[in-house]
Every structure is written in C-alpha cells, then in structure tokens.
Amino acid sequence: MSQNRLQLIIRNTEEIVTLDELRQKLESGEQLKGYIGFEPSGLFHIGWMIWAYKLRDLVNAGIKMNVLVATWHAWINDKLGGDLELIRKAGDLTIEILRALGVDMSKVNVIDAEEFAKDKDYWALVLKVAKGTSLARIKRALTIMGRKAEEAEIDASKLIYPAMQVADIFYQDLDIALGGTDQRKAHMLARDVAEKLGRKKVIAIHTPLLVGLQGGQRMEAGVDRDDYMSAIKMSKSKPENAIFVTDPPEVVESKLKQAYCPKGVVEDNPVLQINKYIIFHTENPRLVVERDPKYGGTVVFESYEDLERAFAEGKLHPLDLKAATSRKLNEILDPIRKSIERKSEYVELVRRIEKSVTR
RNA sequence: CCCGCCGUAGCUCAGCCCGGUAGAGCGCCCGGCUGUAGAUGGGGGGCGUGCAGUGACCGGGUGGUCCGGGGUUCAAGUCCCCGCGGCGGGACCA
C-alpha cells in the first residue's frame with residue numbers, strides 16, 4: 001500500500017530531493033503536508049498541467065496539499081502589468097482550471113499570499129531567512145536572472161523574492177514542496193537555510209518543464225512584453241510560444257501546426273514533449289496516428305518510447321505527428337474548456353488576461 | 001541535491017603537494033620616549049612612584065582542542081575515510 005503511494009508520488013517527476021527522505025516520511029505514517037505555489041501571471045498553459053497532474057497525485061496519495069496563490073510574488077515580478085486585482089482574478093481562474101483538471105479541490109487548502117503578508121510573523125521569517133543566507137546565494141536563486149537580467153532594470157523587491165519563497169515554506173511548516181524544475185533553486189535554498197534555522201527540511205518534488213512551441217525557450221505564461229513586441233515585429237504570422245488550456249480547438253490545431261518539429265529531431269521538440277509529459281501521463285496513454293495508407297496507414301503508439309523511436313527513425317512524419325497530437329490534446333482539453341465556458345465571467349476574464357499579458 | 005575551495009594564535013593567513021620540535025604579520029602585555037603631580041628656605045638635577053599622552057618606531061614578552069571522529073604510520077597540521085561548519089558555483093531552458 002505504502003509502496004503504491006510512493007509510486008503514485010514519484011511517477012512522472014523529474015527528480016525527488018531526496019527519495020530516501022520521502023520514503024521515510026511515508027513510512028512514518030504521519031500526516032504529511034505539501035504545497036505548490038504558482039504566480040498568476042497569465043493564462044493557464046499546458047505546461048502547468050504537468051504539475052497539476054502531480055498535485056492531483058499527491059492529493060490522491062493522501063498528502064494534505066496547500067495551493068499558494070502567489071499574488072504578491074507575481075506583483076513583484078511585474079506580471080499582468082502589476083495589476084494586483086487582475087492577478088487575484090487570474091489566480092481564481094487557475095484554481096477553477098485545477099478543479100476542471102480533476103484535482104479534488106475539497107481536499108486542497110487554497111491560500112492567498114496576501115494572508116501571509118498580513119502576519120508580522122511571516123515577515124519576521126523573511127528576515128530570518130535573509131539573515132541565514134548571503135547576497136550571492138539570493139541572487140543565484142533569482143529566477144528572472146536567467147534572461148537578459150544583466151542589463152534588465154531590477155528593483156530591490158526582486159531580491160526579497162527568494163527569501164519570501166523560503167519563508168512561505170517555513171511558515172506553512174511543510175514536509176513537501178512541489179514545483180517545476182525551475183523552482184529547484186528556491187527549494188534548495190529552503191533546504192540549506194532550514195538546517196541553519198533548525199526548521200523542517202522540505203522534500204522537493206520537481207516536475208519537468210515544457211519547451212515552447214518554437215523550441216528552445218521554455219513555455220512561459222506571462223510572455224515578456226519586449227519579446228512579444230519584437231516577435232510580432234518580425235513576423236505577424238509567428239505563432240505564440242504556448243498553448244493555453246483555454247485555447248479553442250482550432251487555435252490549438254494551428255499553433256501546433258506551426259510548432260518547431262523538424263523531421264527526426266527529438267531534442268527540444270515541443271510536440272514530442274507534449275506527448276511525453278502530457279498525453280502519455282494521462283489515464284489513457286496512447287496516441288492514434290491516422291494516416292493515409294499510402295503513408296503507411298494508421299498506427300497506434302502505446303508508449304512514448306515507441307513514439308519517439310518511430311519519429312527519430314523518420315518513420316513518423318512531423319505533420320502526422322502534429323495532427324494526431326492536436327486531436328488527442330484537444331480531447332484532453334475539451335472538458336476544461338467546457339467547464340470554463342459554462343461561466344461567462346470566466347470567459348470574460350480569459351479575454352481580459354489575454355489582453356493584459358500581450359499588450 | 002551535486003561539484004569545488006576553505007577551516008591553523010584574539011584577527012588575517014603561511015605551512016599540507018613532498019609526514020619528522022607549529023610559523024608570520026597585526027593585536028595584546030611590559031619597557032624604552034614625552035608631559036605632569038609631589039608635606040620640606042630658594043633654585044637646579046636625578047631616581048622611585050602615581051597619572052596622562054604618544055609612534056607605519058625600538059627592545060622584550062604573550063600567545064594554539066591545527067574544525068570533530070576514525071584509519072594508515074615508528075611518527076599526522078600534512079596522507080586516507082566519515083562527518084560538521086563557512087563560502088562560491090552548478091542544477092530543465094537560456
């Protein structure tokens with residue numbers, strides 16, 4: 001039984017830090033607490049489904065999960081034009097989509113980061129964390145440092161961000177922190193500082209990240225304004241880099257059609273990755289490729305490995321792969337779209353967020 | 001979590017590679033130096049004492065669980081293993 005729980009927790013993850021600790025905690029039989037934080041920075045893109053499914057797994061494995069709606073954090077990172085009200089709403093929408101994705105939200109504790117910010121003890125923790133590390137270490141944990149951060153204008157609040165992330169974890173007194181591998185730095189900082197402050201050392205569970213549709217860059221919800229401007233300048237027909245769960249079927253189709261997917265190339269191939277991390281992670285992990293008999297006829301892949309091999313060997317044409325992927329992905333997204341469309345306020349909200357991100 | 005560097009006197013570090021009596025600089029303490037106080041006829045000087053001051057100065061002195069625990073060896077700061085602590089870097093993608 002506990003073996004099954006462990007399997008449920010670790011399947012489809014990129015890494016567990018550490019597996020031994022997780023195994024021990026599970027065996028201890030105590031009620032474990034975990035969390036995932038997300039920045040309401042735009043629409044829910046399909047890359048987020050990876051951690052959403054993992055959240056579902058953790059809930060089903062009996063872990064008491066908190067979902068932290070990181071409104072302040074998003075605000076610090078200038079998301080959605082720094083409009084805190086809109087950030088809050090985007091958070092609500094995300095929660096709604098998690099529900100639609102099959103996460104049992106009745107068992108999940110949704111927390112607004114603003115609740116933390118109201119408590120002076122929280123800020124005391126932030127300071128203690130800051131005291132327990134070095135400036136160099138904090139800078140290293142800065143996610144935005146990745147890009148052209150050297151020149152980028154960076155206000156001082158962004159230096160506080162990592163300390164807040166660590167304080168978030170301590171404040172909730174967690175056993176498990178869930179996130180994409182981009183959260184690794186923050187989680188590791190939390191583990192290091194935990195030793196110093198005599199706090200619980202969280203187990204970090206990291207899910208893989210999806211590359212953007214153009215390959216290379218990661219699928220990012222809040223498309224950078226400058227990037228976007230230069231993108232539309234260069235070419236009007238250039239597809240956006242991400243597929244959102246709220247995209248209509250034909251948009252999904254057209255985005256995928258234009259996605260980076262050279263024949264036989266596996267590396268950084270977004271279409272393959274969608275199969276690997278989403279389609280083959282569902283309860284129905286198979287891909288049906290319908291083809292004209294003159295191209296070899298319909299094939300069914302029962303495992304991602306088979307699919308990748310066929311593609312690498314050139315036995316599967318990118319167009320066929322894209323078509324099949326669109327069909328399957330739309331099948332998966334359909335119930336989510338429907339549940340959002342049922343409420344006109346959400347439809348309106350999607351439109352607003354869309355505008356705000358890209359403007 | 002992974003990798004690397006570091007941990008030796010109060011402080012900054014050398015010594016470790018190549019095993020054989022633990023070092024330097026700074027600091028600290030004592031003195032050298034300057035000033036000053038002090039019942040006696042006046043004046044001068046010396047010494048001792050107290051107090052104060054002073055220097056990239058000169059003497060003299062003070063300095064150590066060599067991070068901890070094992071191991072190898074006749075002998076460990078030095079070599080090997082396991083830890084702890086500090087720092088820096090890495091960690092999907094760029």
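A, B, ... follow the sequence lines: proteins, then strands. Residue 1 opens every chain. For the numbers below, each heavy atom of this structure counts, side chains included, while hydrogens, waters and symmetry mates do not.
Rounded to an integer number of Å, the gap from CD of A:Glu267 to P of B:rC93 is 8 Å. A:Leu135 places its CG atom 13 Å from the C1' atom of B:rC87, with the value rounded to the nearest Å. Spacing between atom CD of A:Glu15 and atom P of B:rG90 amounts to 16 Å, rounded to whole angstrom units. Between the CE atom of A:Met188 and the C1' atom of B:rC2 there is a distance of 9 Å, given to the nearest Å. If you take CG of A:Leu19 and P of B:rC2, they are 13 Å apart, rounded to a whole angstrom. Here the P atom of nucleotide B:rC2 and the CD atom of A:Glu14 are 17 Å apart, to the nearest Å. Distance, A:Leu189 CG to B:rC87 P: 12 Å, rounded to whole Å. Across the protein-nucleic acid pair, A:Leu209 atom CG and B:rC93 atom P stand 10 Å apart, rounded to whole Å.
Rounded to whole Å, the P atom of B:rG69 lies 40 Å from the corresponding atom of B:rC57. Taking atom P in both B:rG45 and B:rA37, the straight-line distance is 13 Å, to the nearest Å. On the C1' atoms, B:rU78 is 9 Å away from B:rC17, given to the nearest whole Å. Spacing between B:rC92 and B:rC1 at atom C1', rounded to whole Å, works out to 15 Å. Between B:rC87 and B:rG77, the two P atoms lie 28 Å apart (nearest whole Å). For B:rG61 and B:rC66, the P atoms lie 24 Å apart once the distance is rounded to whole Å. Annotation: B:rG46 and B:rU34 have their P atoms spaced 10 Å apart (nearest Å). The separation of B:rC47 from B:rG38, taken at their C1' atoms, amounts to 14 Å, rounded to a whole angstrom.
The side chain of A:Ser134 places an N or O atom within less than 4.0 Å of a non-bridging phosphate oxygen (OP1 or OP2) of B:rG88. Taking only side-chain nitrogens and oxygens, A:Lys185 never comes nearer than 4.0 Å to OP1 or OP2 of B:rG89. A close approach under 4.0 Å does occur between a side-chain nitrogen or oxygen of A:Lys201 and OP1 or OP2 of B:rC1.
Of the listed nucleotides (B:rG85, B:rG89, B:rC92), B:rC92 has the atom at the smallest distance from the side chain of A:Thr181. Listed candidates were B:rC1, B:rG89, B:rC92. Nearest to the side chain of A:Glu195 is B:rC1.
Remark: the A:Asp168 side chain and the A:Tyr35 side chain contain no N/O donor-acceptor pair separated by less than 3.5 Å. Between the side chains of A:Glu15 and A:His206, a donor-acceptor pair is found at a separation under 3.5 Å.
Across all strands shown, the partner of B:rU36 is B:rG50, judged by Watson-Crick or G-U wobble contacts whose two distances both fall under 3.5 Å. Searching all strands for a Watson-Crick or G-U wobble partner of B:rA76 with both distances below 3.5 Å returns nothing. B:rA14 is unpaired under the criterion used here, namely a Watson-Crick or G-U wobble arrangement in which both key atom distances are under 3.5 Å.
Counting heavy atoms from C-beta on, the side chains of A:Leu68 and A:Phe116 come closer than 4.5 Å. In this structure, A:Lys315 and A:Val299 have side chains that are not in contact, with every pair of non-hydrogen atoms separated by 4.5 Å or more.
Within 6.0 Å of NZ on A:Lys128 lie no more than 12 heavy atoms contributed by other residues, nucleotides or ligands.
Evaluation of atom-type donor-acceptor distances gives no pair under 3.5 Å for the side chain of A:Arg140 against the base of B:rG88. Side-chain to base pairing of A:Arg184 with B:rC1: one donor and one acceptor N or O lie within less than 3.5 Å of each other.
In terms of position along RNA chain B, the nucleotide closest to A:Thr18 lies nearer the 5' end than the nucleotide closest to the other residue of the pair A:Thr18 and A:Ala136.
With hydrogens and angles disregarded, a donor-acceptor distance shorter than 3.5 Å links the side chain of A:Arg56 to the backbone of A:Leu101.
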